[in-house]
Amino acid sequence: MILIEKIRAGDIPSQKVEMGTCSEIGTGAPMPDGADAVVMVECTDIKGNKVKILEAVTPGTNWSSRGSDIKKGKFLMPKGTFLTVDKIGALSAMGLIEIPVLAKPTVALISTGNELIKPEEKLQHGKLYDINSVSLTNAVKACGCLPITSTIVKDDYNSIKNKIDECKHADIIITSGGTAAGAGDVLRRVVEDMGKVLVHGVSLKPGKPILIGRLPQDDSAIILFGLPGYPVSALMIFHGFLAPFLKGLAGIKKSMGEKETVTCKLSRKYHSKLGKSHFVLVKIKENIAYPISNDSGAITALAEADGYFEVPKLVEIIEKGDEIKVILLSWL
């Protein structure tokens, strides 16, 4: 065959391929008129302008027709699609650089406690680093929401009320600490005065003293979630209650927000108290789940844990070797 033209990506073919002729074409270049197949260059022998074809091909081989990938009028992706890197690539292929999207729900985080200081401050006697602000801020991001503020306030009525007032421009407010029934825990009183307490306390360990409130704001309302102050309790409640809610609010489809689980065998007999559901942290090794310390203040337990399983409130004993469904902490 006689080579009549070399066509690179971005070039416009100028010669028509006829019987006994061929064109050299680069990947991504448009097909010249008259051509209906492409032979890979390694299956040819080229000397000057003479080309010997070493492999037989049929019409349609090694090329795609215009519009074969994304046809005109084709429905590309439905409303509510989560824009991952592949989806963004498909939009770019259509020449779209801007599309309407849902705004990320905004979340304000407030840690309450006279004992709390920021992690960058020098630790003093009687003080504790505020772990929840950091961990919950990143958990909120993982749910597709935007944390807009994270702060520490004193555990007194006026400090908490004033800070909540300052944060009412957010869609959601999450507090940690101040939800139990102690004398210094005033969050419930603040929420009652500012709006309405919907839930205070669940039959669950750890994390029993969760508080959910509704705060009127203009023509709508803000939902406030009051989490326990202990880090393990706060994150377990976040995993169990808040994360699915926040993902739904962010427009993430249910299938993307479902908790990832694995089935494991329990390493030892586990005793639970009747009348209260339990979240039990576990370490997984070779498909065996090993329960670890579930103390609500045991920070190292979270670092060691791969996930947790739930013991229903009417179950007292789970035997060694029983299969359990472990919810992986990495799902968030």
Side-chain angles (χ1 to χ4, degrees), residues 1-106 138-148 171 243-244 246-260 262 328 330-332:
M1 286 192 173
I2 304 300
L3 181 63
I4 58 173
E5 186 178 19
K6 292 185 178 182
I7 309 165
R8 304 297 179 219
D11 292 346
I12 299 176
S14 61
Q15 302 294 320
K16 182 178 180 180
V17 175
E18 298 178 336
M19 186 68 69
T21 66
C22 64
S23 295
E24 183 180 313
I25 189 170
T27 302
M31 290 281 283
D33 290 341
D36 59 8
V38 176
V39 179
M40 297 176 69
V41 68
E42 52 264 39
C43 297
T44 64
D45 183 14
I46 304 175
K47 293 181 180 178
N49 67 339
K50 294 183 178 180
V51 180
K52 188 175 183 179
I53 307 297
L54 305 178
E55 179 184 77
V57 293
T58 57
T61 301
N62 295 327
W63 69 282
S64 300
S65 60
R66 182 170 55 188
S68 61
D69 183 16
I70 303 174
K71 293 181 173 61
K72 184 178 180 180
K74 179 183 177 181
F75 189 64
L76 189 60
M77 57 187 71
K79 178 181 178 180
T81 297
F82 189 75
L83 292 182
T84 52
V85 292
D86 53 321
K87 302 294 190 300
I88 294 172
L91 292 169
S92 299
M94 296 290 293
L96 298 173
I97 58 173
E98 291 185 358
I99 61 168
V101 296
L102 289 173
K104 288 185 177 182
T106 56
N138 285 284
V140 164
K141 290 179 182 178
C143 292
C145 298
L146 181 66
I148 56 173
D171 297 312
L246 292 179
K247 286 193 172 189
L249 196 66
I252 297 177
K253 294 180 180 178
K254 182 179 179 181
S255 60
M256 298 186 67
E258 288 176 347
K259 301 180 176 111
E260 184 180 352
V262 293
L328 300 178
S330 60
W331 80 277
L332 191 58

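Throughout, numbering of the chain's residues begins at 1 and tracks the sequence.
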**OP:** Please check if the side chain of Thr106 supplies one atom and the backbone of Leu146 the other of a donor-acceptor pair under 3.5 Å.
**Re:**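 Between the backbone of Leu146 and the side chain of Thr106 there is no qualifying donor-acceptor contact (under 3.5 Å).
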**OP:** Would you check if the side chain of Thr21 reaches a backbone N or O of Val17 as a donor-acceptor pair within less than 3.5 Å?
**Re:**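 It does not hold such a pair.
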Going from [atom1] on [X] to [atom2] on [Y], what distance comes out if it is rounded to the nearest 0.5 angstrom?
X: Lys87; Y: Ile99; atom1: NZ; atom2: CD1; answer: 11.5 Å
X: Met40; Y: Thr27; atom1: CE; atom2: OG1; answer: 8.5 Å
X: Asp86; Y: Met77; atom1: CG; atom2: CE; answer: 8.0 Å
X: Glu55; Y: Ile53; atom1: CD; atom2: CD1; answer: 9.5 Å
X: Leu76; Y: Leu91; atom1: CG; atom2: CG; answer: 6.0 Å
X: Lys104; Y: Cys143; atom1: NZ; atom2: SG; answer: 11.5 Å

Subject >> Check: Ile25 and Pro13 side chains under 4.5 Å, non-hydrogen atoms >> reply: no
Which pair of heavy atoms, one from [X] and one from [Y], lies closest together, and at what distance?
X: Thr44; Y: Val51; answer: CB-CG1, 4.1 Å
X: Gly144; Y: Ala250; answer: O-CB, 3.6 Å
X: Ile7; Y: Ala29; answer: CG2-CB, 3.9 Å
X: Val38; Y: Met31; answer: CG2-SD, 3.6 Å
X: Gly48; Y: Leu3; answer: O-CD2, 4.4 Å
X: Gly251; Y: Leu102; answer: CA-CD1, 4.0 Å

**OP:** Examine the side chains of Gln15 and Ser23 and answer whether a donor and an acceptor come within less than 3.5 Å of each other.
**Re:** no
Original post:
Is Glu24 salt-bridged to Arg8, cutoff N-O under 4.0 Å?
Top reply: yes
